[in-house]
S.K.: 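Please read through the structure below; I'll follow up with questions.
This one's a predicted model, so the numbers in the text were calculated from it and none came from an experiment. Below, chain A is the first sequence line, B the second, and so on; all start at residue 1.
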Amino acid sequence: MQPDALIPRKFFDRPATEVGPELLGCVLSHRTADGVVAVRITEVEAYLGQSDPASHAYRGPTARTEVMFGRPGHVYVYFTYGMHYCVNLVCQPEGTASAVLLRAGRVLAGEELARARRPSSRQDLDLASGPARLCQALAIGRAQNGTDACAGTSALQVRSSQRSYDEKICQGPRVGISSAAEEPWRYWIEGDRTVSPYRAHVPRRREARGK
DNA sequence: ATTAGGATCTTCT
DNA sequence: GAAGATCCTAATG
């Protein structure tokens with residue numbers, strides 16, 4: 001693949017565990033009325049759909065997960081914890097759900113815009129260091145769900161890798177999930193300071209009832 | 001540096 | 001009705 005070229009759709013026509021590590025170093029950009037913000041992807045997680053208990057698609061298609069069952073190379077955005085969005089890139093052919101969650105990136109372009117969108121970031125490294133932070137920095141939300149990341153006409157696009165050969169890829173368990181917690185389907189670029197810290201799943205303390 | 005709690009609402013059981 | 005692919009702030013060692 002040529003550097004800076006749009007990634008061809010067939011790149012995504014494989015399980016997320018194959019696509020995920022290869023997305024490291026690729027560039028995600030989003031053009032809005034305010035300008036463009038682009039990040040170099042430094043951390044991802046693979047979700048394998050109906051064979052993966054941690055995947056939103058585990059129990060089959062629903063209104064929320066229908067795009068995961070759709071065409072590869074499209075964007076699956078979900079809303080979580082009552083306030084955050086996270087982005088995935090859909091993998092495998094239509095009918096099979098599989099997706100790569102984009103967990104962190106390093107801002108390459110549009111830093112000023114990204115900072116304005118993320119006033120709570122203390123340093124530039126934090127701007128897209130976490131799946132919801134990345135969405136905030138790039139202004140990704142409901143409107144981007146189902147859009148095509150492989151089309152030249154799209155506002156949100158992924159372009160090919162410029163990863164150098166001396167950067168090593170690491171692999172380990174996924175962050176913040178309760179089922180299939182041991183599967184090593186999180187991938188990141190070794191030593192990159194934008195990679196989000198690992199956190200094991202903590203069940204939220206239930207509201208005290210009765211009394 | 002690490003930890004604990006709160007915010008907030010959609011989704012599926 | 002409960003949990004959740006998270007983040008932020010404040011408090012503590």
S.K.: Could you tell me how far apart A:Gln123 (CD) and C:dC7 (P) are, to the nearest whole angstrom?
M.R.: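 Computing the A:Gln123:CD to C:dC7:P distance gives 15 Å.
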S.K.: Centroid-to-centroid, A:Tyr47 to A:His56, below 6.0 Å?
M.R.: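 Judged by ring-centre distance (under 6.0 Å), A:Tyr47 and A:His56 do not meet the cut-off.
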S.K.: Would you please test A:Asp124 and A:Arg106 for salt bridge (Lys or Arg N to Asp or Glu O under 4.0 Å) and show each step?
M.R.: CA-CA 8 Å; A:Asp124 289 351; A:Arg106 181 179 291 261; over 6 Å; no
S.K.: What's A:Ala132 touching, base or sugar-phosphate or nothing? Going by heavy atoms closer than 4.0 Å.
M.R.: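 Here A:Ala132 touches the backbone only, sparing every base.
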S.K.: Hey, are the side chains of A:Asn88 and A:Val77 touching, using non-hydrogen atoms and a 4.5 Å cut-off?
M.R.: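 A:Asn88 does not reach A:Val77 side chain to side chain.
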S.K.: Mind calculating the distance between CZ (A:Arg103) and P (C:dA5) to the nearest angstrom?
M.R.: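 Value for this atom pair: 11 Å.
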S.K.: Using a cutoff of under 3.5 Å, can you pull out all pairs of nitrogen or oxygen atoms linking the protein to nucleotides 9-11 of chain C, with atom names and distances?
M.R.:
none

S.K.: I need the CD-P distance between A:Gln136 and C:dC7, as an integer number of Å.
M.R.: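 Distance check: A:Gln136 CD to C:dC7 P gives 8 Å.
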S.K.: May I ask you to say what A:Arg199 touches in the nucleic acid, namely base, sugar-phosphate or nothing, with a heavy-atom cut-off under 4.0 Å?
M.R.: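 Counting heavy atoms under 4.0 Å across all strands, no contact is made by A:Arg199.
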S.K.: With a 3.5 Å cut-off and heavy atoms only, can you find an N or O donor on one side and an acceptor on the other between the side chain of A:Tyr78 and the base of C:dA5?
M.R.: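 Pair found.
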S.K.: Just to be sure I understand the rule, does A:Ile177 reach a base, reach only the sugar-phosphate, or reach nothing, if contact means heavy atoms closer than 4.0 Å?
M.R.: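 Result for A:Ile177 = sugar-phosphate.
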S.K.: Would you say the side-chain atoms of A:Glu43 and A:Ser196 include a donor-acceptor pair closer than 3.5 Å?
M.R.: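 Yes - a donor-acceptor pair under 3.5 Å links their side chains.
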S.K.: Rounding to a whole Å, what distance do you find between A:Met83:CE and C:dC7:P?
M.R.: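 Taking atom P of C:dC7 as the reference, CE of A:Met83 is at 11 Å.
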S.K.: Identify, between A:Arg118 and A:Ala57, the residue whose nearest nucleotide on DNA chain C lies closer to the 5' end.
M.R.: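 Nearer the 5' end of the strand: A:Ala57.
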S.K.: If you check the A:Tyr47 side chain, which of C:dA5, C:dG4, C:dC7 turns out closest?
M.R.: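 Ranking C:dA5, C:dG4, C:dC7 by closest atom to the A:Tyr47 side chain puts C:dA5 first.
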S.K.: Should C:dA3 form a Watson-Crick or G-U wobble pair with both distances under 3.5 Å, which nucleotide is its partner?
M.R.: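 The base-pairing partner of C:dA3, which may sit in any strand shown, is B:dT10.
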S.K.: Rounding to an integer number of Å, can you tell me how far A:Tyr76 OH sits from C:dA5 P?
M.R.: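 Going from OH in A:Tyr76 over to P in C:dA5 covers 9 Å.
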S.K.: Could you state the OH-C1' distance from A:Tyr198 to C:dC7, rounded to the nearest angstrom?
M.R.: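 Rounded to whole Å, this separation is 18 Å.
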S.K.: For nucleotides 10-13 of chain B, tabulate all protein N/O to nucleotide N/O atom pairs closer than 3.5 Å, reporting atom names and distance.
M.R.:
| residue | atom | partner | partner atom | Å |
| --- | --- | --- | --- | --- |
| B:dC12 | OP1 | A:Thr62 | OG1 | 2.4 |

S.K.: Closer than 4.0 Å, any side-chain N/O of A:Arg133 to the OP1 or OP2 of C:dC8?
M.R.: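 Yes, because at least one side-chain N or O of A:Arg133 sits under 4.0 Å from OP1 or OP2 of C:dC8.
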S.K.: In this structure, how many angstroms lie between the P atom of C:dT6 and the CD atom of A:Glu43, rounded?
M.R.: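 It works out to 10 Å between those atoms.
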S.K.: From C-beta outward on A:Ser178, which listed nucleotide comes closest to its side chain: C:dC8, C:dT6, C:dG4?
M.R.: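 Taking heavy atoms from C-beta onward, the closest nucleotide is C:dG4.
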S.K.: Hey, is the main chain of A:Thr65 close enough, under 3.5 Å, to the side chain of A:Thr62 for a donor-acceptor pair?
M.R.: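 Yes, the answer is positive, given that a donor and an acceptor are paired below the 3.5 Å cut-off.
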S.K.: Check this for me: A:Tyr58, atom OH, are more than 12 non-hydrogen atoms of other residues, nucleotides or ligands nearer than 6.0 Å?
M.R.: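 Result for OH/A:Tyr58: open.
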